[in-house]
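Keep in mind that what you see is a predicted model, and the values were worked out from it rather than measured.
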Protein chains: 4
Amino acid sequence: MQSRTPPARTGRPRSAAADAAILAATRDALVEIGWSRMSLGDVAQRAGVAKTTLYRRWAGKNELVVDAVAELFDELVLPDGDSLAADVVGVVLQFGELLRRPETRTALMAVVAESTSDPALRLRIRTAIVDRQKRLVLQGRERAQRRGELPYETEPAVAEQHADLIFDVIAGTVVHRALVSDGPVDEAWAQALAGLLIAGLPTAMA
Amino acid sequence: MQSRTPPARTGRPRSAAADAAILAATRDALVEIGWSRMSLGDVAQRAGVAKTTLYRRWAGKNELVVDAVAELFDELVLPDGDSLAADVVGVVLQFGELLRRPETRTALMAVVAESTSDPALRLRIRTAIVDRQKRLVLQGRERAQRRGELPYETEPAVAEQHADLIFDVIAGTVVHRALVSDGPVDEAWAQALAGLLIAGLPTAMA
Amino acid sequence: MQSRTPPARTGRPRSAAADAAILAATRDALVEIGWSRMSLGDVAQRAGVAKTTLYRRWAGKNELVVDAVAELFDELVLPDGDSLAADVVGVVLQFGELLRRPETRTALMAVVAESTSDPALRLRIRTAIVDRQKRLVLQGRERAQRRGELPYETEPAVAEQHADLIFDVIAGTVVHRALVSDGPVDEAWAQALAGLLIAGLPTAMA
Amino acid sequence: MQSRTPPARTGRPRSAAADAAILAATRDALVEIGWSRMSLGDVAQRAGVAKTTLYRRWAGKNELVVDAVAELFDELVLPDGDSLAADVVGVVLQFGELLRRPETRTALMAVVAESTSDPALRLRIRTAIVDRQKRLVLQGRERAQRRGELPYETEPAVAEQHADLIFDVIAGTVVHRALVSDGPVDEAWAQALAGLLIAGLPTAMA
DNA sequence: AATTAAGCGAGACGGTACGTCGTGTCTTGAG
DNA sequence: CTCAAGACACGACGTACCGTCTCGCTTAATT
């Protein structure tokens with residue numbers, strides 16, 4: 001809560017309202033016209049702001065969009081299920097719902113695409129969006145361990161590897177289902193995925 | 001009985017060599033200058049082809065890149081493993097290798113990102129790239145069934161749902177690992193993923 | 001009426017209908033869409049002819065247009081006036097009328113413009129269009145001389161210089177009036193011009 | 001009382017230097033590569049200016065060339081002659097000289113040709129080039145009237161009609177001589193034309 | 001209250017790529 | 001050898017956005 005503006009601050013301060021208007025306008029523009037067709041001139045006009053103001057705050061489209069969508073992902077919570085399977089289903093459904101919103105799906109994939117040739121952006125995405133959600137896996141595992149559904153892993157490095165893998169599996173699978181295969185992420189599908197994860201292929205297919 | 005060319009058959013036919021040259025030039029340009037900086041003028045020049053020729057065949061950058069990248073995915077083959085786990089590991093490693101090549105990772109994510117607000121492009125990606133690779137899942141399942149590792153599913157609709165789910169899980173997980181989590185897709189990781197899929201979480205974590 | 005095709009003629013002969021159709025289509029296109037916007041593809045399509053056919057007969061747009069409009073200028077005749085002034089007025093009005101037709105005005109100026117940097121085209125215009133109309137000046141002078149309105153010039157070279165000058169004056173003035181000053185070429189204006197030519201400035205302005 | 005800038009006065013003002021550079025580059029390009037081969041991209045590059053800047057000020061090639069050439073016509077001055085005939089000869093020779101320069105002849109006829117099917121362009125040519133040079137006729141007439149060579153016309157409308165006609169005659173005749181008949185505009189020819197204008201045909205041919 | 005320095009809107013600027021169009025040539029198969 | 005059809009290499013078109021740069025005008029904190 002303390003001011004961390006490093007140097008002396010003279011002159012007219014930056015408008016806080018402008019920041020909010022720009023981020024909101026960015027999300028609107030993403031929904032309406034898509035990533036590639038969205039120009040920063042558009043965003044500035046929608047926000048009632050000069051392009052200069054926008055470039056004074058962000059280096060480019062990528063940085064702006066990451067900031068504009070990062071907060072949307074913090075809505076995810078681990079639902080109050082009574083089994084590991086229910087927890088998985090709950091998270092999958094929430095994530096699926098998030099990916100149905102145009103601004104989320106478009107912006108997320110756009111910045112991931114850009115990040116394939118921009119390591120700094122990749123890091124920013126991971127810290128600002130992805131890693132924050134690993135808490136869901138950790139919470140879910142802990143609950144399942146308390147219920148006796150999963151064993152305790154004593155080696156911390158191994159435990160982290162497990163968590164990372166599970167996160168990749170769940171997040172990657174839902175994204176692929178929603179954005180590539182273009183199929184619904186509904187109750188039935190979520191249960192099938194949860195069944196596969198918990199029981200393994202031979203049992204799940206039996 | 002033979003001629004099924006539906007409309008008229010007049011005028012100079014399109015050059016088959018041009019198609020190949022354009023697709024190859026597209027891949028080269030992707031590697032050398034990246035998706036976003038690559039212009040269709042560049043591609044045309046590299047291919048020794050006029051821009052017109054390019055636009056006569058493809059509607060834009062996205063469609064062109066989908067086709068250019070699609071061919072790369074046809075390299076994937078189901079390796080000659082002697083167990084379901086070995087087959088999964090083999091495919092995962094191949095796919096991981098493919099995603100390490102800059103043109104593949106960049107182009108794939110770029111078109112997926114565009115496709116989030118372009119249903120026609122989404123369909124094209126699915127038919128040109130994704131659906132073609134489901135053969136790997138089908139082959140792998142069949143081998144596993146013959147070995148007795150997996151049961152036979154008699155209901156075709158259910159069988160297809162299983163295949164789709166498995167494909168989403170494997171493809172999505174590998175993409176997420178490679179492009180978002182930014183971790184290596186190596187032998188150890190591939191075995192961990194295969195173990196999870198075959199045995200289920202409780203066993204895999206034990 | 002005899003075939004004057006110089007070498008042996010083998011293969012399919014050229015369609016005579018095609019020539020006429022192309023020239024007519026050229027005139028139509030000039031009227032409707034103007035010189036610069038008229039493409040040879042347009043002309044070919046209007047004539048129901050392939051572009052190849054067109055290029056087989058003419059070297060380009062300029063040559064085609066010269067041929068297409070040359071004959072229109074042969075309509076001009078020296079009217080049956082009873083004085084030099086009446087003859088001048090009659091010719092001026094006819095020429096003015098010709099320049100009101102869109103295809104004539106556009107095509108004439110277009111080829112003249114092209115000819116400024118193409119001596120061969122300049123020659124072609126002069127022989128195909130301009131020089132043919134000098135007959136009007138020669139006829140008018142002869143009549144005026146017979147009426148006693150103009151003296152006889154005995155030196156042929158001087159007589160030709162006079163005729164050339166008069167032609168430049170009349171043709172140039174009418175073109176400038178019609179196409180640049182954009183004023184009407186009507187009876188009153190024609191009489192004013194004739195008066196100036198015959199009586200000279202001091203008298204004409206008195 | 002003073003500021004009559006009609007609309008808003010905001011944003012960066014247009015560079016006056018750019019206008020001059022563009023017009024000069026246009027003239028250079030006309031000389032070096034000719035009207036039809038000259039592209040606006042060329043002009044922009046020669047002027048060290050972006051194409052955008054060029055299109056912000058002119059609607060197209062025609063308008064630009066009209067303005068670029070118009071300045072050249074302002075070089076014309078009424079020479080310090082001591083008779084009406086000398087003044088006419090002086091102006092004719094200057095105009096003939098102007099029409100010997102490739103950029104002038106080509107550009108002038110090209111825009112006139114375009115103007116035959118573009119009334120707005122016709123107006124622009126008239127206001128930017130033609131009407132400005134009528135001053136020469138007005139000055140010459142005034143001098144001749146002071147010398148007693150021409151009568152005073154008291155009716156303004158008639159006086160204007162006279163001036164317009166004389167302008168059409170001189171300008172049209174010189175253009176026709178120079179560009180169509182392709183003859184020299186030299187001292188002898190200029191004197192013949194002046195003689196015709198001042199004395200009328202019967203006297204001039206005597 | 002006056003000064004001052006940055007923020008602000010507007011929009012012009014030099015660039016680059018776009019997707020389309022026209023040119024003149026070439027390549028088919030049919031006549 | 002001609003024809004209609006249309007693909008081809010080339011190159012200009014006019015537009016859109018980029019990110020930067022003036023402009024003249026606020027707007028606060030400092031004098």
_Output one letter per nucleotide in nucleotides 11-18 of chain F: B when a protein non-hydrogen atom lies under 4.0 Å from the base, S when only the sugar-phosphate is that close, - when neither is._
BSSBBBSS

*Does OP1 or OP2 of F/dC3 have a side-chain N or O of C/Arg56 closer than 4.0 Å?*
yes

*asked:* On the nucleotide E/dA10, are OP1 or OP2 found under 4.0 Å from the side-chain N or O atoms that D/Arg12 carries?
replied: no

*Residue closer to the 5' end of DNA chain F, B/Gly48 versus C/Val49 (nearest nucleotide)*: C/Val49

_Within 6.0 angstrom of B/Gln45 CD, more than 12 heavy atoms from elsewhere_ = no

*When rounded to the nearest 0.5 angstrom, what distance separates CH2 in B/Trp35 from OG1 in B/Thr26?*
10.5 Å

*asked:* In this structure, how many angstroms lie between the C1' atom of F/dC8 and the CG atom of B/Asp19, rounded?
replied: 13 Å

_Return the CG to CD distance between B/Asp118 and B/Glu114, rounded to the nearest 0.5 Å._
7.5 Å

*Taking for each residue the nucleotide of DNA chain F with the nearest heavy atom, is it C/Ala18 or B/Ser15 whose nucleotide lies nearer the 5' end?*
C/Ala18

_Length of the CD-P vector between A/Gln45 and E/dA10, whole Å_ = 9 Å

*Euclidean distance, atom CZ of residue A/Arg57 to atom P of F/dG19 [Å, nearest integer]*: 17 Å

*Rounding to a whole Å, what distance do you find between C/Leu54:CG and F/dA4:P?*
10 Å

*Measure from CD1 on D/Ile22 to C1' on E/dA12 and round the result to the nearest Å.*
12 Å

_Would A/Arg14 and A/Arg57 count as a side-chain contact (heavy atoms from CB on, under 4.5 Å) here? Give the steps._
CA-CA 9 Å; A/Arg14 291 189 177 165; A/Arg57 292 163 159 83; 3.4 Å; yes

*Atom-to-atom span, CH2 of B/Trp35 to C1' of E/dC18 - whole angstrom*: 14 Å

*Donor on one side chain, acceptor on other, D/Thr116 and C/Thr106, under 3.5 Å*: yes

*Residues which pass side chain to side chain donor-acceptor pair (under 3.5 Å) with B/Asn62, listed by chain and number, not counting sequence neighbours*: none

